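Numbering of residues begins at 1 and proceeds along the displayed sequence. Keep in mind that what you see is a predicted model, and the values were worked out from it rather than measured.
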Amino acid sequence: MSSRRSFLKYGAALTATGLTVSLPAKAADAPKWDEEVDVLVIGSGFAGLSCALNAKREGLGSVLVLEKMQVIGGNSAINGGWFAVPRNPIQLAQGINDDSPEELVKDQLIAARGMGDEAKLRKIANHALDSYNLCVESGVKFKKDFNIQVGGHNKARAVRTQHGTGGDITSKLYEVAKAEGVDFRLQHFIEDLVVENDAVTGVVVRRGYRFPDEKTGHTLRIKARKGVILASGGFTRNMKLRAMVDPSLDPTLDGTNHLGATGEAMLSAMGHGALAVHLNMIQTGHWGSPDEGGFGWSNALLSIGWHQGISVSVLSGKRYMDERADRLYCSTRIMANRYEDGSPAYPLVFINYDKYGKDERVTRALRDEMAWKVDSLEAMAEKFNVPVAELKKTVARWNEQVKQGVDPDFNRKMDTAEELKAPFVVSRIWPKVHYCMGGLKTDVDGRVLSAKTLEPMKGLYAAGEVSGGTHGEARLSSCACLEGLAMGFIVPKAIKADA
């Protein structure tokens, strides 16, 4: 079949001889659109909401957000609400004046283990305060006077939402975006991107989709005049893809992500030539509990445990890691605790009950039986089958180290460490599959790169977890919220420049 270019060339030749010809348009060249908008956003988590709201504020015209699930927010809504913000107001009020975006990037590059995108991390970090202010101005409440140092960071720079959930952010941004004219539609499954003349111009979407049945709903085409932004999250719940890219990942591990985190929009982009990187770099959250499903409450409880308590192996009764290190290090150390048959020997984390027993993080954990109160080390050893003599030695050694302010065993930072005295709150831990560092490669402004040319694909952008190569081997805690919200400032500016 002749190409459109051949038709045009042939038509020009006929015109030159004084003849005219009517050229038929190919359906593939001129798809029929059911609807047109200026900016189309796929996904409604931190990245999608921030991109949509800021696209509207940049004057890019009509903005439509498509979400395949039945509720707004994606993984962001069940996120733990941690948010890394150098020089945030609470940090400054605490007298911490030596932090900066550059300091955050230094920490991220250490965690990345040589595989991070320094330029992109720096651009994201430089929008941290913008992102924080966006939340505050949208009505998001953060815990009063709460700013702490979390794993892998060298400074206390992590604030947390009032209720310890990312839903505090997604719900408010949704309300503001809706009020400012952003259109939202639920249960819209992306079947494919539409590409014309090497430019992404829209999507084929299944409206009325009911997860997980891909035959539900009906198909329509939506054109995006200025750009399609993929903010569709990761793929940790796509077990087939997960096994393909990282066969070493224990398939029995539970996950923190919602069941719809399956990566179809990313795969569609790859099918049209988008470059994907680091797909095998799938992060586990070292704060998971085997005694609850999904994201759970262990993350909240261990915001005390990692700082004021210790973790011990049930096999030896000894500490086995720096409890305040980054996720990759801690997850690796935790999962090394196994019985001879290879089954998990769930390590313990414990803190002082008398100091924290009335804390909501503890009362809820005790209520839901994913943590327990024990009155002595003997009781702990009996309940969890730990060598009691070694457990006592470990705690005695730890208490001496707290007095000295140094940890010669694992070089842990000791500024928050506390002597441990009965009774205790004790919980079991085991990592959960949590975050994809891999995804679509973009430039620093969120333009998706072509695998063929290594240059930006026209009309296609990506923000948040669907993009890859940003964090290298390990993303630091509290930086997913930052990345998603910050890219929401960056990508609309790129679309404006390109348009």
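- Under the 4.0 Å criterion applied to side-chain N and carboxylate O atoms, E175 and K178 are not assigned as salt-bridge partners.
- Taking each heavy atom of S303 and R160 in turn, the nearest pair found is OG-NH1, 4.4 Å.
- The two residues L121 and H471 make their nearest non-hydrogen contact at CD2-ND1, 4.0 Å.
- Ion pairing between a basic and an acidic side chain is recognised when a charged N comes within 4.0 Å of a carboxylate O; D117 and K441 show such pairing.
- In this structure, F184 and Y174 have perpendicular ring planes: the angle between them is above 60°, well past the 30° mark.
- The existence of a salt bridge linking K155 and D99 is excluded, since no basic side-chain nitrogen approaches an acidic carboxylate oxygen closer than 4.0 Å.
- With hydrogens and angles ignored, the 3.5 Å screen pairs no side-chain donor or acceptor of W82 with any backbone N or O of V159.
- Under a 3.5 Å cut-off, the side chain of D254 and the backbone N or O of G294 do form a donor-acceptor pair.
- Ion pairing between a basic and an acidic side chain is recognised when a charged N comes within 4.0 Å of a carboxylate O; E67 and R185 show no such pairing.
- In this model, a donor atom of one side chain and an acceptor atom of the other lie less than 3.5 Å apart for H434 and T256.
- Ion pairing of K123 with D445 is present here, as a side-chain N (NZ or NE/NH1/NH2) and a carboxylate O approach within less than 4.0 Å.
- Shortest non-hydrogen contact noted between K56 and V182 is CB-CG2, 4.1 Å.
- With hydrogens and angles disregarded, a donor-acceptor distance shorter than 3.5 Å links the side chain of D107 to the backbone of N154.
- Although no hydrogens or angles enter the test, the distance criterion places no donor-acceptor pair under 3.5 Å between the side chain of T170 and the main chain of A77.
- Between the side chain of T165 and the backbone N or O of D168 there is no donor-acceptor pair closer than 3.5 Å.
- When all heavy atoms of A128 and A84 are compared, the closest pair comes out as CB-O, 4.3 Å.
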- Task: Please report the C-alpha distance between R207 and H188 in whole Å, then the side-chain angles of each, then the deciding distance to 0.1 Å, and finally whether the side chain to side chain donor-acceptor pair (under 3.5 Å) criterion is met.
- Result: CA-CA 5 Å; R207 174 183 289 173; H188 280 60; 3.3 Å; yes
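- Of the charged side-chain nitrogens involved, none lies within less than 4.0 Å of a carboxylate oxygen, so that D34 and R221 do not count as a salt-bridged pair.
- For the 3.5 Å distance criterion, the side chains of Q91 and R157 fail to qualify, holding no donor opposite an acceptor.
- Side chains of K68 and T262: a donor on one and an acceptor on the other come within 3.5 Å.
- Shortest non-hydrogen contact noted between L482 and S131 is O-OG, 4.4 Å.
- With H153 contributing its side chain and S477 its backbone, the two residues share a donor-acceptor pair below 3.5 Å.
- Checked for salt-bridge contact, K120 and D443 miss the test: no charged N lies under 4.0 Å from a carboxylate O.
- Summarising the geometry of A463 relative to V491, their closest heavy-atom pair is CB-CG2, 4.3 Å, with the distance given to 0.1 Å.
- Using a 4.0 Å cut-off between charged nitrogen and carboxylate oxygen, D326 and R113 count as a salt-bridge pair.
- In summary, the aromatic rings of H286 and W306 are positioned with their centroids under 6.0 Å apart.
- Judged by distance alone, the side chain of Q94 and the main-chain N or O of N147 form a donor-acceptor pair under 3.5 Å.
- Judged by distance alone, with hydrogens and angles left aside, the side-chain atoms of K496 form no donor-acceptor pair with the main-chain N or O of L60 at under 3.5 Å.
- Defined by atom type and a distance below 3.5 Å, a donor-acceptor pair is present between the side-chain atoms of D498 and Y461.
- Relative to the six-membered ring of F189, R206 misses at least one condition, a distance below 6.0 Å or an angle of at most 45° to the axis.
- With S298 contributing its side chain and W287 its backbone, the two residues share a donor-acceptor pair below 3.5 Å.
- Under a 3.5 Å cut-off, the side chain of E465 and the backbone N or O of S232 do not form any donor-acceptor pair.
- With rounding to the nearest 0.5 Å, the separation of CD1 in I222 from CD in E35 is 5.0 Å.
- Side-chain contact annotation: E455 with S450, donor-acceptor N/O pair under 3.5 Å absent.
- A salt bridge does not link K106 to E102: none of the charged nitrogens lies less than 4.0 Å from a carboxylate oxygen.
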